[in-house]
Number of protein chains: 2
Amino acid sequence: MEGRRQHWPSVGRVDEAQDVRTFIDSNADQWLAGLQEWLRIPSQSGDPALAGEVRRSAEWLATALREAGFPTVEVWETPGLPAVYAEWPADDAGAPVALVYGHHDVQPVEPLEQWTAPPYDPVVVDGRLLGRGAADDKGQVAMHLLGLRAHLAATGRSAPAATVKVLVEGEEESGSPHFVDLLRAQRERLRCDVVVVSDTGLWRADVPSTVIGLRGLVSCQLDLVARDVDLHSGSFGGAVLNPATALARMLATLHDESGHVAVPGFYDSVLEPGEEERAMTAALPYDEAQWLADAHSTVPAGEAGWSTLERVWVRPTAEVNGYWAGHTGAGTKTIIPREAHAKLSFRLVAAQEPDQVRAAVEAWAHAAAPAGATVTLTWEGDGVRPCATPLGTPALQALHRAMARAWGTDVLVTREGGSGPEADLQDVLEAPLVYLGVSLPDSREHAPNENVPVEMLLKGAESAAYFWSELAAQA
Amino acid sequence: MEGRRQHWPSVGRVDEAQDVRTFIDSNADQWLAGLQEWLRIPSQSGDPALAGEVRRSAEWLATALREAGFPTVEVWETPGLPAVYAEWPADDAGAPVALVYGHHDVQPVEPLEQWTAPPYDPVVVDGRLLGRGAADDKGQVAMHLLGLRAHLAATGRSAPAATVKVLVEGEEESGSPHFVDLLRAQRERLRCDVVVVSDTGLWRADVPSTVIGLRGLVSCQLDLVARDVDLHSGSFGGAVLNPATALARMLATLHDESGHVAVPGFYDSVLEPGEEERAMTAALPYDEAQWLADAHSTVPAGEAGWSTLERVWVRPTAEVNGYWAGHTGAGTKTIIPREAHAKLSFRLVAAQEPDQVRAAVEAWAHAAAPAGATVTLTWEGDGVRPCATPLGTPALQALHRAMARAWGTDVLVTREGGSGPEADLQDVLEAPLVYLGVSLPDSREHAPNENVPVEMLLKGAESAAYFWSELAAQA
Ligand SMILES: [Zn+2]
Ligand SMILES: [Zn+2]
């Protein structure tokens with residue numbers, strides 16, 4: 001379709017900042033038309049019937065990367081859906097190597113009737129690009145193509161100042177089931193000095209920020225079994241162990257009265273945020289009432305001594321995700337349940353190791369279980385290690401300088417309370433992670449009317465353009 | 001069928017005790033043949049397809065009562081299945097009035113393959129009558145017919161020494177859904193000085209005992225609702241109230257470390273057993289290891305300061321019958337549940353009132369619920385009041401003398417931890433309850449191979465025969 005097949009123009013280098021923005025502004029329309037074409041491909045990785053669309057999306061991106069100038073572009077197959085890999089080496093063999101990470105698959109679009117425009121027919125309304133994938137994550141992947149061309153145009157280079165590798169997976173919205181294997185298999189080709197994750201958001205359109213940490217995760221099912229049959233509470237009630245009560249008493253000891261996790265050893269490896277980070281967190285314009293409203297909650301809760309943002313960003317947690325025991329239907333059934341069960345998860349922060357936390361929880365559970373019952377913990381998978389990028393990391397400082405040039409203001413830091421495939425990038429590639437992400441709090445990722453201001457994508461592209469120079473200048 | 005339609009013979013009165021037993025022994029075979037005929041009717045009240053059999057059972061009993069000599073016999077309809085009522089006034093208008101209570105419906109028989117003989121083709125094996133209803137409760141109702149005829153024969157009376165009323169319901173195994181309404185409607189005709197419940201058991205074949213108390217019951221569902229949606233534990237975990245955790249912490253405060261119920265005011269009206277009852281309980285031959293095995297438990301548990309039997313007989317309890325919250329399926333779902341739910345029941349002992357306990361639990365729950373969540377308790381029905389018969393009750397002493405004559409040994413007392421329609425008898429009729437029951441701990445009521453020794457039924461009949469004289473002599 002029109003808007004994509006043209007070659008990227010170039011401008012002669014005069015002033016990098018001016019020329020980057022000039023290039024971006026003069027190419028924005030055509031670039032946006034290309035992105036819209038990509039967004040028309042319903043690449044939902046969660047729907048097996050749309051697997052062909054995810055493949056078409058990968059092919060679209062591969063072609064776009066080739067047209068942007070990447071000398072090496074490959075579609076990488078997995079046992080599931082394909083990723084796209086590209087590589088553009090710097091002329092200078094000693095230049096730093098960066099790997100850009102994103103994903104080209106998208107979330108489902110139901111409920112369709114809540115969209116104000118069709119999710120796969122993207123439009124720009126009031127400056128916002130509206131459509132499934134606009135923010136998460138095709139828009140953020142596409143901004144790198146525009147940024148890299150702007151970098152070349154403004155610097156007059158024929159190759160980027162840093163070696164740029166790009167890895168865009170196709171199963172992120174399905175939990176990245178084959179991603180870590182792909183990383184391990186391609187570890188040598190993916191080798192880099194820094195990973196640039198572009199799948200996150202800004203604090204606010206006028207408050208640029210980058211993510212410097214994600215929490216890790218371990219989760220398990222706890223089974224407390226007292227016997228092989230339910231007992232009649234009339235005949236036995238009062239004289240036998242009730243495992244439902246016993247499990248409740250165990251779960252009540254997960255936290256102390258101050259909201260601290262009371263599992264012995266749980267905090268042993270926790271790195272607390274430094275004064276600089278705490279000050280930056282406190283500097284973020286923040287509305288507690290709005291946060292609570294977003295959380296459908298009426299009161300703050302959690303660990304004493306930490307703000308709400310710190311509780312979800314820099315503090316580990318123990319959460320009961322669910323439980324069940326005995327009678328759960330209508331009316332009364334006067335039984336003493338034979339067993340009780342809970343689903344527990346623990347969010348981790350650097351430098352807690354999943355193995356260490358699992359061992360601490362096992363010890364807690366076996367010490368807390370009453371005589372006369374058997375406790376078993378069944379852990380889910382390997383868990384996810386937490387990610388944290390120290391503020392002094394040179395690549396992070398380079399990114400902050402680049403974004404400060406684009407936004408004209410200082411860049412703050414945030415974290416994310418959740419976990420993602422970023423931990424695999426960190427663990428397999430052993431490189432620091434920095435996050436150039438431009439979605440906004442109201443981008444409605446994973447919901448109807450996903451959107452992102454076009455200007456955020458352009459500022460993201462501008463930041464990327466500066467970043468390659470900043471990164472190379474620092475090396 | 002043969003064995004039922006004959007008239008009851010009589011013996012001239014010489015010595016009451018000798019003649020009672022003589023009458024019983026000489027009529028046992030024919031009486032047993034009649035009972036076996038009744039047991040062949042599959043009067044399962046829980047199976048709508050067998051409603052006709054329950055009616056047939058009621059008619060069988062009505063005929064048997066008429067043949068035994070009751071001048072008044074009626075089948076009482078209910079909105080469900082019929083009860084049978086009979087009345088035989090004493091000649092002496094001032095004689096005490098007793099109401100015998102039992103039921104003619106039976107439990108289901110599945111799993112059929114575990115029966116050693118067909119459940120509805122009763123046989124006597126090694127002195128035990130085997131079949132559905134043999135012990136619970138047709139055998140125990142039938143023993144009163146034999147006992148009453150023996151009483152008349154041995155005393156030479158044409159009417160019993162006490163006025164004997166009989167009420168045999170047809171929905172006990174279905175929870176007696178219409179029984180209390182029937183009692184209220186027939187309150188005047190059922191008026192009595194004592195209720196003789198024959199639907200319980202002996203401690204052991206050679207350790208005769210009567211029940212002197214049943215626990216009451218109130219039960220509810222507790223709902224703790226924090227918000228209208230589940231939250232992502234990555235985005236919000238650590239900074240919002242988790243109602244699953246909060247409910248566990250509430251349930252952990254239901255009991256203190258000694259196993260006492262920690263609901264303020266819970267014990268306010270509890271009547272503790274006297275020294276005489278505690279001594280009789282301690283005198284019961286008792287094997288704790290066997291009790292625990294029957295409870296599928298490895299360790300005793302419960303309130304400090306009380307024995308296992310006392311814990312289930314004379315102490316009230318708070319039990320968690322079940323709970324549920326959040327994710328209860330396979331694998332991990334990293335949510336903070338929006339709400340959590342529990343099913344609670346409380347066994348009561350005299351003189352706790354359901355209303356008083358409900359109020360105490362409501363107050364406890366509202367005080368224990370955390371800020372930011374709404375707690376609601378939904379109570380099931382009216383609850384059941386506890387029953388207790390003081391040891392000094394004259395009718396109880398009369399029953400103990402009667403049973404002591406039949407067994408030739410002192411009679412002890414037990415209680416039952418559960419609750420039954422007996423509480424309705426106590427409440428509506430405002431009469432003391434005594435329990436002449438002869439099933440044994442291994443009678444397998446409600447299970448395959450239900451059975452009772454024929455000799456226990458005969459000793460029960462013998463006890464009933466003496467009881468009418470003892471009761472009248474005492475008045
Ligand atoms: Zn994403
Ligand atoms: Zn019964």
Side-chain angles (χ1 to χ4, degrees), chain A residues 215 217 219 226-229 231-242 244-245 247-249 251-252 254-255 295-303 308 311-312 315 317 319-328 331-337 341 343 345 347 371-372 380 416-419, chain B residues 215 217 219 226-229 231-242 244-245 247-249 251-252 254-255 295-303 308 311-312 315 317 319-328 331-337 341 343 345 347 371-372 380 416-419:
Chain A
R215 292 195 288 192
L217 179 71
S219 58
R227 58 189 67 86
D228 56 346
V229 293
L231 296 177
H232 188 278
S233 77
S235 307
F236 298 99
V240 293
L241 179 74
N242 181 329
T245 307
L247 179 58
R249 293 177 75 92
L251 298 180
L254 262 182
H255 302 84
H296 298 249
S297 298
T298 54
V299 293
E303 196 183 358
T308 293
R311 285 168 174 167
V312 292
R315 298 301 291 169
T317 67
E319 291 289 359
V320 178
N321 307 119
Y323 48 53
W324 68 102
H327 179 54
T328 59
T332 288
K333 195 172 171 190
T334 50
I335 55 166
I336 297 170
H341 311 272
K343 299 280 187 177
S345 64
R347 296 279 169 184
E380 182 82 7
E416 294 206 346
S419 314
Chain B
R215 292 194 289 193
L217 180 71
S219 58
R227 57 190 68 85
D228 56 346
V229 293
L231 296 177
H232 189 277
S233 77
S235 306
F236 297 100
V240 293
L241 179 74
N242 181 329
T245 305
L247 178 58
R249 293 177 75 93
L251 297 180
L254 261 182
H255 302 84
H296 297 249
S297 299
T298 54
V299 293
E303 195 183 358
T308 293
R311 285 169 175 166
V312 294
R315 299 301 292 167
T317 66
E319 290 289 358
V320 179
N321 307 120
Y323 49 52
W324 69 101
H327 178 54
T328 59
T332 288
K333 195 170 170 190
T334 50
I335 56 167
I336 297 170
H341 311 272
K343 299 279 188 178
S345 65
R347 295 280 170 184
E380 181 82 5
E416 293 206 346
S419 315

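Since we're looking at a predicted model, the values are computed, not measured. In the text below, chain A, chain B and the rest are named by the order of the sequence lines, each starting its count at 1.
Each of A:Thr328, A:Leu254, A:Leu251 has some count of heavy-atom pairs under 4.5 Å with chain B, and the biggest count is that of A:Thr328. Your options are B:His232, B:Arg249, B:Glu416, and the one with the most heavy-atom pairs under 4.5 Å with chain A is B:Arg249. The candidate with the highest count of non-hydrogen atom pairs below 4.5 Å against chain A, out of B:Gly322, B:Pro300, B:Ala239, is B:Ala239. Among the candidates A:Glu380, A:Arg347, A:Arg311, the residue making the largest number of heavy-atom pairs closer than 4.5 Å to chain B is A:Arg347. Interface summary for chain B: among A:Ser419, A:Ser219, A:Ala248, A:Gly418, the most heavy-atom pairs under 4.5 angstrom belong to A:Ala248. For the set A:Thr308, A:Leu217, A:Val299, A:Val312, the entry with the most heavy-atom pairs within less than 4.5 Å of chain B is A:Val312. With chain A as the partner, the residue from B:Thr317, B:Asn321, B:Thr332 showing the most heavy-atom pairs under 4.5 Å is B:Asn321. Between chain B and the residues A:Ala325, A:Pro337, A:Ser345, A:Gly331, the largest count of heavy-atom pairs under 4.5 Å involves A:Ala325. Annotation: maximal heavy-atom pairing with chain B below 4.5 Å, among A:Ala371, A:Gly302, A:Ser233, A:Gly326, occurs at A:Ser233.
With a 4.5 Å cut-off on non-hydrogen atoms, B:His255 touches chain A through its backbone and its side chain both. Looking at B:Leu231, only its side chain comes within 4.5 Å of chain A, counting heavy atoms on both sides. Only the backbone of B:Ser235 has a heavy atom closer than 4.5 Å to any heavy atom of chain A. When heavy atoms are compared at a cutoff of 4.5 Å, B:Lys333 approaches chain A solely by way of its backbone atoms N, CA, C and O. Heavy-atom distances place the backbone of B:Ala226, and not its side chain, under 4.5 Å from chain A.
With sequence neighbours excluded, the residues satisfying salt bridge (charged side-chain N to carboxylate O under 4.0 Å, His left out) with A:Arg315 are A:Glu272, A:Glu303.
Heavy-atom minimum distance, B:Gly372 versus A:Thr298: CA-OG1, 3.4 Å.
For the pair A:Arg215 (side chain) and A:Gly417 (backbone), a donor-acceptor distance under 3.5 Å is present. Proximity of a side-chain donor or acceptor of A:Asn242 to a complementary backbone N or O of B:Val320 within less than 3.5 Å is detected. Listed for the B:Tyr323 side chain is a donor-acceptor partner under 3.5 Å among the backbone atoms of A:Ala244.
A 4.5 Å side-chain heavy-atom check between B:Ile336 and B:Arg227 finds at least one atom pair inside the cut-off. No side-chain heavy atom of B:Leu241 sits under 4.5 Å from any side-chain heavy atom of A:Ser297.
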Mind running side-chain contact (heavy atoms from CB on, under 4.5 Å) on B:Glu319 and A:Thr334 for me, showing each step along the way? CA-CA 9 Å; B:Glu319 290 289 358; A:Thr334 50; over 6 Å; no

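Within the model, atoms NE2 of B:His327 and CH2 of A:Trp324 stand 7.5 Å from one another, a figure rounded to the nearest 0.5 Å.
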